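Numbers here are sequence positions counted from 1. Side chains included, hydrogens not; waters and symmetry mates left out as well; all remaining heavy atoms used. Remember, it's a predicted structure, so these values are computed and weren't measured experimentally.
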Amino acid sequence: MRTFIAIELDDSLAGKVRDMQDKLQSQLDGVRWVAPGSVHLTLKFLGEINEQMIEEVSRQLDAVASDKGAFSLRPKGAGAFPDLRRPRVIILAAGEGSEQVAGLEKDISSRLENIGFPRGRRPFSPHFTLGRIKRWNARLDLAKLLEPFADYVFDPFKVEEFILFRSELRPEGARYTKLARFLFKANLLG
């Protein structure tokens, strides 16, 4: 099964995400938008793994969660990957709390590397994917289109867990199923 590890965007922010997507959608063709309730920040993509690996992966992720405490994340600003001239993905930056997310990703990658999952080749850049560009009109000035959203600030939300997801690719878009949740345990001790 195709799997990845992620932090979900807080449900209370889905309306603001939908508002941002609606405004951008009216100006951008050829983008497959992620449903606001499915927006997430990918910590590590594992790819295809079998059911037996789920148990070992879960054991390693539980060890990471046991050393971590909850933190606050405040998404801010729209952008694109890999850049504004050759965009493939429209994103929402992780904003405040990015350092904690980067530390979490580093710990997850280190643990999973020990059981055969290589580290990513590119530097980790925490973000929430809002849409994937399927067709791009090179005449569009994406920087100008995203400028009104560059300082778009969301309310902070508390990150208390990360999730192992199964991803099923379908013509209408990916469908995500939660396989396991990993609650940060360090914040439960006091």
Glu96 side chain to Ser72 backbone, donor-acceptor under 3.5 Å: no
Candidates Leu9, Val17, Ile91, Thr42 - the one meeting side-chain contact (heavy atoms from CB on, under 4.5 Å) with Phe128: Leu9
Spacing of Glu160 atom CD and Phe71 atom CZ [to the nearest 0.5 Å]: 10.5 Å
Minimal non-hydrogen separation, Ile133 against Pro87, with atom names: CD1-CB, 3.4 Å
Over 12 foreign heavy atoms within 6.0 Å of CZ, Arg119: yes
Derivation and outcome, side-chain contact (heavy atoms from CB on, under 4.5 Å), residues Leu179 and Met1: CA-CA 11 Å; Leu179 298 176; Met1 67 184 78; 3.7 Å; yes
Residues, nucleotides or ligands: over 12 heavy atoms within 6.0 Å of Lys144 NZ: no
Asp62/Lys185 ion pair, N-O < 4.0 Å: yes
Approximate separation, where rounding is to 0.5 Å, of Gln25 CD and Arg18 CZ: 11.5 Å
ring-ring contact (aromatic ring centres under 6.0 Å, His included) contacts in which one or both residues fall within residues 38-58, not counting sequence neighbours: Phe4-His40, His40-Tyr176
Lys178 atom NZ: more than 12 heavy-atom contacts under 6.0 Å: yes
Co-membership, hydrophobic cluster, residues Val31 and Val89, 4.5 Å side-chain: no
Nearest heavy atoms of Pro126 and Val101, plus distance in Å: CB-CG1, 3.7 Å
Ser125 vs Phe81 side-chain heavy atoms within contact, under 4.5 Å: yes
Main-chain N/O of Ile54 paired to Ser58 side chain as donor or acceptor, under 3.5 Å: yes
Enclosure of Arg59 CZ (heavy-atom neighbours >12, cutoff 6.0 Å): yes
Short side-chain to backbone donor-acceptor contact, Gln27 and Lys23, under 3.5 Å: yes
Approximate separation, where rounding is to 0.5 Å, of Gln21 CD and Leu28 CG: 11.5 Å
Sub-4.5 Å side-chain heavy-atom contact between Pro75 and His127: no
Over-ring placement of Lys16 relative to Tyr152, 6.0 Å and 45° cut-offs: yes
Full working for side-chain contact (heavy atoms from CB on, under 4.5 Å) between Leu41 and Leu92: CA-CA 9 Å; Leu41 187 158; Leu92 174 62; over 6 Å; no
Stepwise side-chain contact (heavy atoms from CB on, under 4.5 Å) test for Arg132 and Val34: CA-CA 8 Å; Arg132 289 179 180 75; Val34 177; 3.7 Å; yes
Non-hydrogen side-chain atoms of Phe117 and Met53 separated by less than 4.5 Å: yes
Worked verdict on Phe149 versus Leu24 for side-chain contact (heavy atoms from CB on, under 4.5 Å): CA-CA 9 Å; Phe149 304 101; Leu24 287 169; 3.4 Å; yes
Donor-acceptor contact present, side-chain Ser167 to main-chain Thr3, <3.5 Å: no
Heavy-atom closest pair, residues Leu61 and Phe162: O-CZ, 3.5 Å
Atom pair CD1 (Ile163) and CD (Glu8), whose distance is rounded to the nearest 0.5 Å: 3.5 Å
Phe154 backbone acceptor or donor facing Arg74 side chain under 3.5 Å: yes
Minimum heavy-atom distance between Lys76 and Asp151, given as atom pair plus value: NZ-OD1, 3.6 Å
Distance-minimising heavy-atom pair for Ala80 and Leu146: N-CD1, 4.4 Å
Asn114 and Gln60, any side-chain heavy atoms less than 4.5 Å apart: no
Between CZ on residue Phe165 and CG on residue Leu46, distance to nearest 0.5 Å: 12.5 Å
Distance in Å, Arg166 CZ paired with Arg175 CZ, rounded so as to fall on 0.5 Å steps: 8.5 Å
Closest non-hydrogen atom pair, Leu104 against Ile7: CD2-CD1, 4.1 Å
